[in-house]
Protein chains: 4
Amino acid sequence: MTDSRPRRRSERARVAILEATNVLLHDHGLENLSIEEIAATAGVGKQTIYRWWPTRPALVADALLHRDDLAPLLPKDTGDVVKDLSRWAGGLAESLGSDRGAATLRMLTAAATEHPEISRRLHERFSGPLQETAYERLSAAKEIKATPAQRRHAVDAIIGGMVYKVLSHQKLTRAGAAETVRIVLRGLGASV
Amino acid sequence: MTDSRPRRRSERARVAILEATNVLLHDHGLENLSIEEIAATAGVGKQTIYRWWPTRPALVADALLHRDDLAPLLPKDTGDVVKDLSRWAGGLAESLGSDRGAATLRMLTAAATEHPEISRRLHERFSGPLQETAYERLSAAKEIKATPAQRRHAVDAIIGGMVYKVLSHQKLTRAGAAETVRIVLRGLGASV
Amino acid sequence: MTDSRPRRRSERARVAILEATNVLLHDHGLENLSIEEIAATAGVGKQTIYRWWPTRPALVADALLHRDDLAPLLPKDTGDVVKDLSRWAGGLAESLGSDRGAATLRMLTAAATEHPEISRRLHERFSGPLQETAYERLSAAKEIKATPAQRRHAVDAIIGGMVYKVLSHQKLTRAGAAETVRIVLRGLGASV
Amino acid sequence: MTDSRPRRRSERARVAILEATNVLLHDHGLENLSIEEIAATAGVGKQTIYRWWPTRPALVADALLHRDDLAPLLPKDTGDVVKDLSRWAGGLAESLGSDRGAATLRMLTAAATEHPEISRRLHERFSGPLQETAYERLSAAKEIKATPAQRRHAVDAIIGGMVYKVLSHQKLTRAGAAETVRIVLRGLGASV
DNA sequence: GGCTAAGCGAGACGGTACGTCCTGTCTTTAC
DNA sequence: GTAAAGACAGGACGTACCGTCTCGCTTAGCC
């Protein structure tokens, strides 16, 4: 796979900018993030940032995409769909329920709000795979009789339930997430 | 009932500010909202805004709270909990699924992200009553055997499922919302 | 002699305002003097200041006029005009040459610059009597043959020489002032 | 001769700012001069002003220094010191005695009052050369027997006498200035 | 191996908005 | 009926950043 980035672009500068952005996002939050401080922190001219990223949200999205601690969890397939998805949701809840995870989720949400294109790219990387893997595990469960649309709604209810708790500052626990999974799957006809 | 707002505050200015904020939120979006323009539009000095609202998100929150087109829907009680909540969710989906509703929801979410206190107030006015009324309708359903915690998770899955669809730019339809309600309620033991 | 000030005016407030103005003039200087701080320091409403003084320079002028440490020195008449005016100028130099005196002189000058009417009133109280008393002592000296205009120019050269030294941050000493007096009086025909 | 100003500074902006300042000084006076209006008039960002001038008086001083109609007069040396200095003082009186000259002198004085550093720079450019050239002409006069200190006092009396008349809103005429010069020089031993 | 053009750091520029301070007017309440 | 208190519309302050623009320097990529 070839790199489509223009030649002559300084890899050093690119990485420094993305890392500075992540550091400053964490330190000051999305609202107080300035291009000027990113440039200073990265030891880079402002123009170098403007040369490669059209808008601030685009840079934020790239920076978040550049993080390597946000690899999506994959549900196992042990044959027991309820157990598998409960564990998967539990792991996710633990991650999103932590202070750091919640802050990141809120930031992602706000960044997505700023620009539809950003929203699309973040979805492609984060919520998309999340939905997709859960949907696939669900589809692999023979005992569940449901239309694809119903399975989609079920996945969205599970993920949305967790996201909603984080965004509204409610507690999100491993047990709560597992319980939600049990309710939804039972609703799809699984025996719990 | 006495007014607990500080005495001598100009009601004229207060209302003009909130209305200008709503107009400009609609016209330019949250990102391009400036206090200066609000003041100019409202025919008010900037200081009058800063005197009464500590931060921009606080003003945005108040402005959104001041809107009278966001009255929460109340689920009826016809005896059939599935039908009642499906209708309720359908109405909600219609409201949140519209362009205007979706934009407002994203704005509310972003504003809530900026400051925890704002988040609390918006929750108190919007998501809180939403959750509460759904929870109460659910609790009134004798045929459902579930713990209070399970009912809470169910409500969050339903609302969260809708909110999540809006935030991730998926279609949110009346039918989809009703389907989610059916899945979740069946998961709580309702006969659907 | 009756007081021409309007009846019912609060003497307490009037004095508090003038004294607060002098204190703040001394502490922050003319440039950083604000009506608001004067009102707060004097324990007075702003309106009370605006009711009785039309402009800030007018208040400053009144405040300076209210000071009792600026009584003009009177030259004695011992029969020796050179000695008398030298001593008088020496005393004046000592007063204007001190840090406090120089600061006050600069403030008076700047205040006079702001408004012609203020200038007139300050002149009437400060530089006027200064010129007048010196002029009279000079006129009383029989040995000096000079036209009234020449005497005026002489007085202005003496006072102006001192003021100029202060305004241009040169040293102003008792001896220097006396020397200037000797030069000017000899120029008028006095034997020195 | 190299330019010691920082490199890359825009000469266009610098000149536009100084000229706008002079225009607005003339139109509104020192008291009503705002940085904001200077920036707007000069077609410049406010920051560009604040980048190069620390305070408003510093800018005013530079603007006044930038004027080319304030070149100091040089006294001629025809051999007759009284005539030379009388003419010189007469020219100065005409300049300072005009409405425009008096306004400028008052402005200079007020600006100098605001900040000692400003005072120093204005002195260096205006009163310094004035004093210096007069002092030199005086020193070149062989018929005058006087110490250097006496000559300094004499010069200050002449200049101070004129400045004082302007500041205290007295008439300053060509004839009056010449008369003052005659008095002072006779006081130094010149034959008049 | 030398030439040359792009990319780079630096940072000044014309601007916009910030949040603060103060102006001079006004209204309310207390004495 | 004057005073203290303080909210109000307005406007300037000095700061922080925006996104654009030059300036020299460095360096990669082609002759």
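Numbers restart at 1 for each chain; the letters A, B, ... are given by sequence-line order, proteins then strands. None of these values were measured; they are calculated from a predicted model.
- Between B:Pro57 and B:Ala111 the shortest heavy-atom distance is CB-O, 4.2 Å.
- Candidate nucleotides F:dT15, F:dA7, F:dT20 were compared by shortest atom distance to the side chain of B:Arg51, and F:dA7 ranks first.
- Just one of B:Arg56, B:Arg121, B:Arg125 meets the salt bridge (charged side-chain N to carboxylate O under 4.0 Å, His left out) condition when paired with B:Asp62; it is B:Arg121.
- When the nucleotides E:dA10, E:dA17, F:dG19 are ranked by their closest atom to the side chain of A:Tyr50, F:dG19 comes out on top.
- In this structure, CD of C:Glu31 is placed 15 Å from C1' of E:dC22, rounded to the nearest angstrom.
- Of the candidates E:dT23, E:dC13, E:dA17, E:dA17 carries the atom nearest the D:Lys46 side chain, counting heavy atoms from C-beta on.
- You'll find that the side chain of C:Ala13 is closest to F:dA4, out of F:dA4, E:dC8, F:dC13.
- A cation-pi contact links D:Arg9 to D:Trp52, judged by a cut-off of 6.0 Å to the six-membered ring centre and 45° from its axis.
- To the nearest angstrom, P of F:dA9 lies 14 Å from CZ of B:Arg14.
- Comparing B:Ile35 and D:Ser10 along DNA chain E, the residue whose closest nucleotide (by nearest heavy atom) sits nearer the 5' end is D:Ser10.
- Closest to the side chain of A:Trp52, out of E:dT20, E:dG7, F:dT20, is E:dG7.
- A residue-by-residue look at D:Glu37 and A:Leu33 shows that D:Glu37 has its nearest nucleotide of DNA chain F further toward the 5' end.
- Distance from the side chain of B:Thr48 is smallest for F:dA9 among the nucleotides E:dC18, E:dG14, F:dA9.
- We find that CD1 of B:Ile17 is positioned 13 Å from P of F:dA7, with the value rounded to whole Å.
- Here the P atom of nucleotide F:dC21 and the CD atom of D:Gln47 are 20 Å apart, to the nearest Å.
- Taking atom CZ on D:Arg8 and atom P on F:dC23, their separation rounds to 8 Å, with Å as the unit.
- In this model, a donor atom of one side chain and an acceptor atom of the other lie less than 3.5 Å apart for A:Ser119 and B:His169.
- Considering only heavy atoms from C-beta on, D:Glu31 stays 4.5 Å or farther from C:His115 through its side chain.
- Taking atom NE2 on A:His28 and atom P on F:dC17, their separation rounds to 9 Å, with Å as the unit.
- Sequence order on DNA chain E of the closest nucleotides to D:Gly45 and A:Ala42 puts A:Ala42 first from the 5' end.
- In this structure, A:Arg56 reaches neither bases nor backbone, as no heavy-atom distance under 4.0 Å exists between it and the strands shown.
- In the set F:dG14, F:dG19, F:dA9, F:dA9 carries the atom at the smallest distance from any side-chain atom of B:Arg12.
- Looking at the side chain of C:Val44, the nearest of the listed nucleotides F:dA4, E:dG19, F:dA9 is F:dA4.
- What separates CD of D:Glu36 from C1' of E:dG14 is a distance of 14 Å, to the nearest Å.
- Rounded to an integer number of Å, the gap from CD of B:Glu11 to P of E:dT28 is 14 Å.
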